[in-house]
Amino acid sequence: MPKGQPAAVPDDGLTTRQRRNRPLVVVHTGTGKGKSTAAFGLALRAWNQGWPIGVFQFVKSAKWRVGEERALRVLGASGEGGTVAWHKMGEGWSWIQRPPRAGAAGDAAAEPDNEARAREGWEQVKRDLAAQTYRLYVLDEFAYPMHWGWVDTAEVVAVLRDRPGSQHVVITGRNAPAPLLECADLVTEMGKVKHPMDAGQKGQRGIEW
């Protein structure tokens, strides 16, 4: 098994094992494709370890059937690894939408509902963290509600910092706020070099879902 060597060993009073097994906050951000895909890859590893997994989709429509959802649900029900719970917080709206501007026709009624769903999703995550419901949390597209001001970033940072037990949290989405990046233990910024959409090609089965 590969074993990375740390560049420095802090004087924190922890043993090597204690430091190695610290619960992590992981952030996948940037404009490139693959942020959620990488998070679901971590979920597969967690499933293999027998960890209970909670997936919270904050922005993608509840009608969006990503392939990882079906795969992880089947694996979670197989009895061979960890359990998987999948929560959808963004029914009826898509990640490509933005909070409507003041006075935008036809949008004013939609924003409070979307914002309320995002906040309730965060409240559920807080309850589960307090109860130590899962070992791995995938907060898919959660960077958006923070970026838009729907969920208070300072509160998120405080809750993650003070969470009990050995709970790992993975957050995805563009424009992850700076305080979240500072709080995180592992940050990956995915940059776009080329994308088929730049040439007018829409998403396709097996690639986007």
(request) State, to 0.1 Å, how close W122 and F58 come at their nearest heavy-atom pair, and which atoms those are. (result) N-CE2, 3.6 Å

(request) Please answer whether the main-chain N or O of D128 pairs with a side-chain N or O of Y137 as donor and acceptor at a distance below 3.5 Å. (result) yes

(message) Between the side chains of R161 and E182, is the shortest nitrogen-to-carboxylate-oxygen separation below 4.0 Å, so that they form an ion pair?
(response) no

(message) Using every non-hydrogen atom in the two residues, find where Q132 and Q167 come nearest and quote the distance to one decimal.
(response) CA-OE1, 3.2 Å

(request) Return the minimal non-hydrogen interatomic distance between G30 and K35, and the atom names on each side. (result) O-NZ, 3.0 Å

(message) With rounding to the nearest 0.5 angstrom, report the OG1 to CG distance, T83 to L75.
(response) 12.0 Å

(request) Report the C-alpha separation of L136 and V55 in whole Å, then their side-chain angles, then the decisive distance to 0.1 Å, and conclude whether the side-chain contact (heavy atoms from CB on, under 4.5 Å) test is met. (result) CA-CA 8 Å; L136 176 70; V55 178; over 6 Å; no

(message) Can you give me the closest heavy-atom contact between W47 and G76, atom names plus distance?
(response) NE1-N, 3.9 Å

(message) Check whether H28 reaches the backbone of T188 with its side chain - one donor and one acceptor, N or O, closer than 3.5 Å.
(response) no

(request) Using the six-membered ring wherever Trp is involved, compare the ring planes of Y144 and W148 and label them parallel, tilted or perpendicular (cut-offs 30° and 60°). (result) tilted

(message) Does this structure show an ion pair linking E123 with R119, if we count only N-O contacts that are shorter than 4.0 Å?
(response) no

(request) Show your working on side-chain contact (heavy atoms from CB on, under 4.5 Å) between L129 and L160 and close with a plain yes or no. (result) CA-CA 9 Å; L129 285 169; L160 294 179; 4.3 Å; yes

(message) Testing the basics here: between H147 and P177, what is the closest heavy-atom pair and its distance to 0.1 Å?
(response) N-CG, 4.3 Å

(message) I'd like to know if the side chain of T31 reaches the main chain of G191, judged simply by a donor and an acceptor atom lying under 3.5 Å from each other, with no hydrogens or angles considered.
(response) no

(message) side-chain contact (heavy atoms from CB on, under 4.5 Å), that's the test. Do W86 and Q57 meet it? Break it down for me.
(response) CA-CA 8 Å; W86 200 289; Q57 280 191 297; 2.9 Å; yes

